[in-house]
Amino acid sequence: VQLQASGGGLVQAGGSLRLSCAAAARTSRTTYMGWFRQAPGKEREFVAIISWSSGRTYYQDSAKGRFTISRSSAKNTVYLQMNSLKPEDTAVYYCAAGSTLDSSPSRYDYWGQGTQVTVSS
């Protein structure tokens, strides 16, 4: 399943960005859609996950209260609204799809190409 991520950019601290991830199709292996990020020299980490069917959401602690993951079933698209951005949010953000609810990137079968988010102080 092809995933197309977009929406990254350069923003000042305290600003907002919305990332989008369009899925070419939905299958039993794309039950959960997630956003992950990877900063230079660091491992890829979980940011937020959403269930296509129930809409239930899960967040990394640092994202709670600032980021919102949502989905549009009509558009097969998942969004990550990021508010109150901090310099430590700077990373390449990836969307991913998998059949299992898990915060480990290794459990996701499909990945988008990544979009750069840079937050200046």
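Hydrogens, waters and symmetry mates play no part in the numbers below; they use all other heavy atoms, side chains included. One is the number of the first residue; the rest follow in order along the sequence.
Of all heavy-atom pairs between A48 and L80, the closest is CB-CD1, 4.1 Å. Across all their heavy atoms, Q38 and K42 have their closest contact at NE2-O, 3.1 Å. Nearest heavy atom pair, residue L17 against residue G7, reads CD2-O, 4.0 Å.
Side-chain atoms of R26 and S73, non-hydrogen and from C-beta on, do get closer than 4.5 Å to each other. Here the side chains of R29 and V1 are not in contact, with every heavy-atom distance at 4.5 Å or above. With contacts defined as side-chain heavy-atom distances shorter than 4.5 Å, the pair M82/D89 does not qualify. At least one side-chain heavy atom of R37 sits less than 4.5 Å from a side-chain heavy atom of E45.
For the atom pair CZ (R71) and OG (S54), the distance works out to 7.0 Å, reported to the nearest 0.5 Å. Atom OG of S72 sits about 5.0 Å away from atom OH of Y79, to the nearest 0.5 Å. A distance of 4.5 Å separates OG1 of T100 from CZ of R107, quoted to the nearest 0.5 Å. Going from atom CG of L19 over to atom CH2 of W35 covers 4.5 Å, rounded to the nearest 0.5 Å. The distance from the OG1 atom of T77 to the CE atom of M33 is 8.5 Å, given to the nearest 0.5 Å. One distance of note links OG of S62 with CD of E88; it measures 8.5 Å at 0.5 Å rounding.
The side chain to side chain contact (heavy atoms under 4.5 Å, CB included) search around A13 returns P87, V119, not counting sequence neighbours. Q81 is linked by a side chain to side chain contact (heavy atoms under 4.5 Å, CB included) to S16, R18, T68, N83, counting only residues two or more places apart in sequence or in another chain.
Under the 4.5 angstrom side-chain criterion for Ile, Leu, Val, Met, Phe, Trp and Tyr, the cluster partners of F46 are Y32, F36, I49, Y58, V92, Y94, L101, Y108, W111.
Linking ILVMFWY side-chain heavy atoms closer than 4.5 Å, directly or via other members, places V47 and L3 in a single hydrophobic cluster.
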task = Give the C-alpha distance, both sets of side-chain angles, the deciding distance and a yes or no for side-chain contact (heavy atoms from CB on, under 4.5 Å) between L85 and F67.
result = CA-CA 9 Å; L85 282 161; F67 295 2; 3.9 Å; yes
task = Determine, stepwise, if the pair S6 / Q4 fulfils side chain to side chain donor-acceptor pair (under 3.5 Å).
result = CA-CA 7 Å; S6 62; Q4 182 70 40; over 6 Å; no
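Judged as a disulfide (SG to SG under 2.5 Å), not a single pair has a partner in residues 22-72 (not counting sequence neighbours). Residue pairs satisfying the disulfide (SG to SG under 2.5 Å) criterion with at least one member in residues 36-93, sequence neighbours excluded, are absent. Here disulfide (SG to SG under 2.5 Å) pairs that include residues 23-68, with residues two or more places apart or in two chains, number zero.
For Q113, the CD atom sits in a packed shell: over 12 heavy atoms of surrounding residues, nucleotides or ligands are nearer than 6.0 Å.
Between the side chain of R66 and the backbone N or O of S84, at least one donor-acceptor pair lies under 3.5 Å.
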